[in-house]
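Worksheet: one structure, shown below.
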Amino acid sequence: MRNTVRNATYACALILKDGKALLGRRSHFRANYPNCWDFIGGKVEEGEEPEQTLKRELGEELAINPLCMIYFYTIEDIHVSVEEPPTYLFFRVENWEGGEPTINNHEHSDLEWFSFRQACDLSNLALPEYRALLKAALR
């Protein structure tokens with residue numbers, strides 16, 4: 001995700017394959033959550049629907065085109081601002097074009113597939129709320 005802005009909305013992908021979720025390690029120079037494992041996504045720009053944002057971001061960041069995006073979960077990031085938290089809208093993505101996702105820009109330094117347990121056990125998840133999101137995905 002780009003620099004987190006107070007009271008902004010972000011579209012984020014829970015990319016799933018073979019029982020694993022794809023996370024990206026945010027580059028060390030990122031203003032928010034550097035070197036932390038995060039889900040791929042970005043800020044919903046004026047005039048965009050969240051699905052349009054996610055499609056654009058996945059193309060820019062992973063060189064893939066999602067074929068189906070299903071809204072799944074919302075997190076408000078009170079770690080950035082309690083009064084005006086940014087909102088992250090999560091969409092399940094299980095089918096895409098473009099082959100295996102690869103780093104396509106400078107926002108992430110690494111990509112890795114994690115089982116839900118492995119992801120929940122990461123000490124450097126960008127948000128602790130991601131554990132509840134991952135547990136909800138198991139249901």
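Just so you know, these numbers use all the heavy atoms, side chains as well, and skip hydrogens, waters and symmetry mates. Just so it is clear, the model here is predicted, and its values are computed rather than measured. Throughout, residue positions are numbered sequentially from 1 according to the sequence presented.
- Partners of Lys17 according to the salt bridge (charged side-chain N to carboxylate O under 4.0 Å, His left out) rule, which considers only residues two or more places apart in sequence or in another chain, are Glu100.
- Looking at Glu84, its side chain never comes within 3.5 Å of a backbone N or O of Ser81 through a donor-acceptor pair.
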| request: Give the C-alpha distance, both sets of side-chain angles, the deciding distance and a yes or no for side-chain contact (heavy atoms from CB on, under 4.5 Å) between Leu127 and Leu133. | output: CA-CA 10 Å; Leu127 295 175; Leu133 174 143; over 6 Å; no
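- With sequence neighbours left out, Glu94 forms a salt bridge (charged side-chain N to carboxylate O under 4.0 Å, His left out) with Arg92.
- Here Glu76 pairs with nothing under the salt bridge (charged side-chain N to carboxylate O under 4.0 Å, His left out) rule; sequence neighbours left out.
- Remark: the backbone N or O of Glu49 is paired with a side-chain donor or acceptor of Gln52 at under 3.5 angstrom.
- Here the CG atom belonging to Leu67 is positioned 4.5 Å from the CD atom belonging to Glu97, to the nearest 0.5 angstrom.
- Of all heavy-atom pairs between Leu58 and Pro66, the closest is CD1-CG, 3.7 Å.
- For Phe90 and Phe72, the ring centers sit 6.0 Å or farther from each other.
- In this structure, Asn105 contributes its side chain and Glu107 its backbone to a donor-acceptor pair below 3.5 Å.
- Side-chain atoms of Pro86 and Tyr10, non-hydrogen and from C-beta on, do get closer than 4.5 Å to each other.
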| said: I'd like to know whether Ile103 forms a side-chain contact (heavy atoms from CB on, under 4.5 Å) with Leu62, so could you lay out the CA-CA distance, the side-chain angles of the two residues, the decisive distance to 0.1 Å, and finally the verdict. | reply: CA-CA 5 Å; Ile103 294 174; Leu62 301 178; 5.7 Å; no
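- Scanning both residues, Asn104 and Gly59, for their nearest heavy atoms gives ND2-O, 3.3 Å.
- Here Met69 contributes atom CE and Phe91 contributes atom CZ; the two are 7.5 Å apart, rounded to the nearest 0.5 Å.
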| task | Could you please spell out the steps behind the side-chain contact (heavy atoms from CB on, under 4.5 Å) verdict for Leu54 and Val44? | result | CA-CA 8 Å; Leu54 194 56; Val44 178; over 6 Å; no
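- With sequence neighbours left out, Glu129 forms a salt bridge (charged side-chain N to carboxylate O under 4.0 Å, His left out) with no residue at all.
- There is no side-chain donor-acceptor pair under 3.5 Å between Asp38 and Tyr88.
- Here Leu134 contributes atom CG and Leu14 contributes atom CG; the two are 6.5 Å apart, rounded to the nearest 0.5 Å.
- The minimum heavy-atom distance between Ile40 and His108, with the atom names listed, is CD1-CE1, 3.4 Å.
- Considering every non-hydrogen atom in both Lys43 and Arg56, the closest pair reads O-NH2, 3.3 Å.
- Closest approach of Leu89 and Pro50 over heavy atoms only: CD1-CG, 3.8 Å.
- Scanning both residues, Phe116 and Ala137, for their nearest heavy atoms gives CE2-CB, 3.8 Å.
- Here Asn35 pairs with Arg25, His28 under the side chain to side chain contact (heavy atoms under 4.5 Å, CB included) rule; sequence neighbours left out.
- Residues forming a side chain to side chain contact (heavy atoms under 4.5 Å, CB included) with Phe114 (at least two apart in sequence, or on another chain): Leu23, Trp37, Glu112, Gln118, Ala119, Leu122.
- One hydrophobic cluster holds both Tyr71 and Ile15 under the rule that ILVMFWY side chains link at heavy-atom gaps under 4.5 Å.
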